[in-house]
2 protein chains.
Amino acid sequence: MSRASTTSDVFNALAEPRRREIVSLLARGSPLAVGELVEALDLAQPAVSKHLAVLRTVGVVSVQQVGKSRLYALNPEELKPVHDWIKQFEQLWSGQLDRIKERAERKAQERAQKN
Amino acid sequence: MSRASTTSDVFNALAEPRRREIVSLLARGSPLAVGELVEALDLAQPAVSKHLAVLRTVGVVSVQQVGKSRLYALNPEELKPVHDWIKQFEQLWSGQLDRIKERAERKAQERAQKN
DNA sequence: TTGACATATTCCGATACAGGAATATGATGT
DNA sequence: ACATCATATTCCTGTATCGGAATATGTCAA
């Protein structure tokens, strides 16, 4: 088996730094034309179009034709799965961290004894 | 340029579903031996070891030798960057979503007029 | 030290990417 | 219909995976 496709998943789509930049730019609220993203990213137009195609495939952005331009907008709901997944672990680094680590280390010690 | 290395980034490391599973399993708190992960994931041992190597390189897990086994534990703090990044967009799908979308669509309309 | 167990590493093949260059498609105004 | 602007698609090359198979490394116990 080979590496998972970038379009297989929101996680895979967002693994690419450029695509995260695009998401950040679109998160301001106003849809942006491809040309505007090209400027902002300092990247060739075909490359930007390809990144947008990936994001569109996974549903993170949507397009709207306006004159000659195509305005890309963020679909924030599509980011929620990532948020939900990572949020599971939020408590692990906030406050209770120490107690949890202690418990883990104690368990490891117990196992060390048994062997 | 080719695709970013899986070890270049926590985002890239977590793009792989199996590695996310590993993180979920370790998040319970108790460190797990490679063999235990092999069972849980129903994946061959070398494959699991390779995934663990990736996670270790980016710092998401750490190892502790206990007898013949190597117990892997989660380093939750290393997940925080992902959390922080995605949290930026949290408000976009909670409640104020409608107002934001409206604003975006209005802006798009304004631009449509201008062209 | 030898053997058994647990894990890591190397080599392999198939797959898929990211960006560059060139080209194709699409929309608009004349 | 045509020229032009904006964007998408195709082809290419270099690179990096993922998992399987085989093998190497490391740890312990007798």
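Here is how names work: the chains are called A, B, and so on, in the same order as the sequence lines, proteins then strands, and each is numbered from 1. The analysis underlying the following values was restricted to heavy atoms, covering all of them including side chains, and did not include hydrogens, waters or symmetry mates.
Residues B/Gln65 and A/Lys50 both approach DNA chain D. Their nearest nucleotides, taken by heavy-atom distance, put A/Lys50 toward the 5′ side. If you find the closest nucleotide of DNA chain D to A/Arg70 and to A/Ala4, the one lying nearer the 5' end belongs to A/Arg70.
Spacing between atom CD of B/Gln64 and atom C1' of C/dA8 amounts to 18 Å, rounded to whole angstrom units. With rounding to whole Å, A/Phe11 atom CZ is found 18 Å from C/dC17 atom P. One atom, CD of A/Glu39, and another, P of D/dT7, lie 11 Å apart when rounded to the nearest Å. Atom CG in B/Leu43 sits about 6 Å away from atom P in D/dG20, given to the nearest Å. With rounding to whole Å, B/Asp9 atom CG is found 16 Å from D/dT17 atom C1'. Rounded to whole angstrom, the span from the CG atom of A/Asn12 across to the P atom of C/dT15 amounts to 18 Å. Note: NE2 (A/His51) to C1' (C/dA18) measures 7 Å, nearest angstrom. The interatomic distance linking A/Arg56 (CZ) with D/dA8 (C1') rounds to 11 Å, in whole Å.
Backbone-only contact: B/Arg19 has heavy atoms under 4.0 Å from sugar-phosphate atoms and none from a base.
Residues B/Phe89 and B/Val82 share a hydrophobic cluster, clusters being chains of Ile/Leu/Val/Met/Phe/Trp/Tyr side chains in contact below 4.5 Å.
Judged by distance alone, with hydrogens and angles left aside, B/Gln45 brings a side-chain donor or acceptor within reach of the base of C/dA8, the pair sitting under 3.5 Å. Looking at A/Lys68, its side chain has no donor and acceptor atom pair within 3.5 Å of the base of C/dG26.
Tested against B/Ile22 for a side-chain contact (heavy atoms from CB on, under 4.5 Å), the candidates B/Leu14, B/Leu55, B/Leu74 yield a single pass: B/Leu55.
Side-chain N/O atoms of B/Arg18 include one lying less than 4.0 angstrom from OP1 or OP2 on D/dG19. For B/Thr6, no side-chain nitrogen or oxygen approaches OP1 or OP2 of D/dA16 to under 4.0 Å. Taking 4.0 angstrom as the limit, B/Tyr72 places a side-chain polar atom (N or O) nearer than this to OP1 or OP2 of C/dA8.
Under a 4.0 Å N-O distance rule, the pair B/Glu90/B/Lys87 qualifies as a salt bridge.
With C/dG19, D/dT7, D/dG19 as the candidates, the nucleotide lying closest to the side chain of A/Val34 is D/dT7. The listed nucleotides are D/dG19, D/dA8, D/dA6; the one nearest the side chain of A/Ser69 is D/dA6. Of the candidate nucleotides D/dG20, D/dC18, C/dC17, D/dC18 has the atom nearest to the side chain of B/Glu16. Taking only side-chain atoms of B/Ser2, from C-beta outward, the nucleotide of C/dT7, D/dT17, D/dT15 with the closest atom is D/dT15. Residue A/Ser49 places its side chain closer to D/dT9 than to any other of C/dA18, C/dA8, D/dT9. Considering only the side chain of A/Pro46, C/dA22 comes nearest among C/dT7, C/dA22, D/dG19.
Of the possible donor and acceptor atoms, one in the side chain of B/Asn12 sits under 3.5 Å from a partner among the backbone N and O of A/Ala15. Using a distance-only test at 3.5 Å, with no hydrogens or angles considered, a donor-acceptor pair links the side chain of B/Ser8 to the main chain of B/Ser5.
Both the sub-6.0 Å distance and the 45° axial angle are satisfied by B/Arg20 relative to the ring of A/Phe11.
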